[in-house]
Protein chains: 2
Amino acid sequence: MSDSNRLITNKTNGFLGIHSPIENSILQMLSVDVQQRILPYLELVDMPLGKVLYESGELLRHVYFPTNCIVSLLYVLEDGASAEISVVGHDGLVGVSLFMGGGSTTSRAVVQSSGFAYRLPRLRIKDEFNRHGELMLLVLRYIQSLLTQMAQTAVCNRHHNIEQQLCRWLLLSLDLLKDNHLVMTQELIANMLGVRREGVTEAAGCLHKQGVIDYSRGHIMVTDRPKLERLCCECYAVVRAETARLMS
Amino acid sequence: MSDSNRLITNKTNGFLGIHSPIENSILQMLSVDVQQRILPYLELVDMPLGKVLYESGELLRHVYFPTNCIVSLLYVLEDGASAEISVVGHDGLVGVSLFMGGGSTTSRAVVQSSGFAYRLPRLRIKDEFNRHGELMLLVLRYIQSLLTQMAQTAVCNRHHNIEQQLCRWLLLSLDLLKDNHLVMTQELIANMLGVRREGVTEAAGCLHKQGVIDYSRGHIMVTDRPKLERLCCECYAVVRAETARLMS
DNA sequence: CAGGAACTGTGCGTTAACGCACACAGATTC
DNA sequence: GAATCTGTGTGCGTTAACGCACAGTTCCTG
């Protein structure tokens, strides 16, 4: 893991120059006023694959605004079984429980796709939230979209098969990336979906046969997105529409 | 349904006298100041079994503070399949999306156990929320406990069997009632859990054989709660602990 | 009190996902 | 280029839940 981290850092350092906080939708939607208040405290951080932003029950120290990375919120059971309940990218932020008074959650936040994020110390973001201005309104709306995503995931877990869920997962991830290329093993996807690795292999095989995706050894390319959407259950469209309504 | 509604109303009218807003934890936790502001607009409403407070996508007109009733938040799929993602009683409120700016959610709220609730018109509660005082802080903490409950439900759906989930459901419902008696058919429980009615029948039969519950025709009595907790998956305890931490 | 509705019990065959074991192939290391 | 590691493919038997059909039982209603 440490080797791949170093690799990612080296490879991506070159992009530091083009990075800007406005690559995150929430930061971008703030007025110049607010931006000027928080910009001095924003810190650009590397988000290598597998990095854990916080563990269940742990006090949150920062709120993260992803730019080109993806973060998964995972619930892990005592026996190690897990399930992803939400996925956050440039359209959101990680650490909502800071705003709600809990200071911690029962979930774990893990980087699912490497990249960068801006982060702000706990106290700074709380100060801004406590002005009860734009940031608060935005965050509240974002929390509602989070609720929607979690609820839809719960129903999807219950009623839809692995292939449908894989489609949903691919589409949600794809929306957070610039291209149609995912760096992700089937093993990790299985952890996210809370199913067996073999189940993902089979589902991915089906999608490949139908000409929807290509993949090999930790790389997935979506080659026919429209078809992917047709094969998917309704859950993706519901989440997408509600998120658009709330965050537009 | 209309007949049973009338019956419930008649039976419970006698209790109207002892009803008070402070039977709802959130209303009770508010200072006299806030209470005095909102009390004039609080309306005691009958909550008969099956009453729908709002449908998916519908604009919310009131926020409800249950006293002795239980409300389920259900997600319903296009094909009619459903799953309960949260259950609300005297410890919470129904209609959080009013506070978050959405005005509606993709879920449906249904009375799962008849009783009463106090409700407040949309604009009144928004006014109070916008003072950014106690009510806001309480609501935010409540929203976080809701997030926890939803997430745990999602994981439980994925990894635990029907019997364990039934135990969780029974315990969560029991905590919201004064006694150990539930008025609920296996058919309805199946809808909540998103499983077959026969599956619930089988699980309930197992619990009965083990001396944990008695039931017949829409009535369930929990006779050995400690044992019920032992048979349950961890999900109940996690939710309960986190709710206690947040709302104490 | 007869008829019907609502609720629960039971017994199939079917299916999706599981757990496990192992084979195979691309990538990395020495 | 041999050894090794990581990621993927595959083939079992097993299991939990499903879908369906129907029987039995209690309760309500006319």
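All of these numbers come straight from a predicted model, not from anything done at the bench. Throughout, protein chains are lettered first and strands after them, A, B, ... in sequence-line order, and every chain is numbered starting at 1.
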Which nucleotides of nucleotides 8-22 of chain D have their base under 4.0 Å from a protein heavy atom (B), which only their sugar-phosphate (S), and which neither (-), written as one string 5' to 3'?
-> BBB------SBBBB-
All N/O donor-acceptor pairs, side-chain side in residues 142-157 of chain B, below 3.5 Å, sequence neighbours left out:
from, atom 1, to, atom 2, distance (Å)
B/Tyr142, OH, B/Leu93, O, 3.4
B/Gln144, OE1, A/Gly102, N, 3.1
B/Gln144, NE2, A/Ser104, O, 2.7
B/Ser145, OG, B/Tyr142, O, 2.9
B/Thr148, OG1, B/Gln144, O, 3.1
B/Gln149, OE1, B/Ser86, OG, 3.4
B/Gln149, OE1, B/Val87, N, 2.9
B/Thr153, OG1, B/Gln149, O, 2.7
B/Asn157, OD1, A/Arg158, NH2, 3.4
B/Asn157, ND2, A/Ala154, O, 3.3

Partner set under ring-ring contact (aromatic ring centres under 6.0 Å, His included) for A/Tyr54, not counting sequence neighbours |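 By the ring-ring contact (aromatic ring centres under 6.0 Å, His included) rule, A/Tyr54 matches no residue at all.
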For B/Tyr236, check ring-ring contact (aromatic ring centres under 6.0 Å, His included) against everything at least two apart and list the hits.
->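 With sequence neighbours excluded, B/Tyr236 shows a ring-ring contact (aromatic ring centres under 6.0 Å, His included) to no residue whatsoever.
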Assess, by modelled atom type and distance only, whether the side chains of [X] and [Y] contain a donor and an acceptor separated by less than 3.5 Å.
{"X": "B/Glu23", "Y": "B/Thr67", "answer": "no"}
{"X": "B/Thr106", "Y": "B/Tyr75", "answer": "yes"}
{"X": "B/Thr201", "Y": "B/Gln186", "answer": "yes"}

Angle between terminal axes - the helix from C/dC1-D/dG30 to C/dC30-D/dG1, 5 pairs each end, rounded to 10° =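 Rounded to the nearest 10 degrees, the bend comes out at 30°.
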B/Leu49 CG to C/dC7 C1', straight-line distance once rounded to whole Å =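 Computing the B/Leu49:CG to C/dC7:C1' distance gives 14 Å.
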Among residues two or more places apart or on two chains, list those pairs meeting salt bridge (Lys or Arg N to Asp or Glu O under 4.0 Å) that have a residue in residues 189-215 of chain B.
->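 Listed once each, the pairs would be none.
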If the plane angle is over 60° it's perpendicular, under 30° parallel, otherwise tilted; pick one for B/Tyr118 and B/His19.
->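 B/Tyr118 and B/His19: tilted rings.
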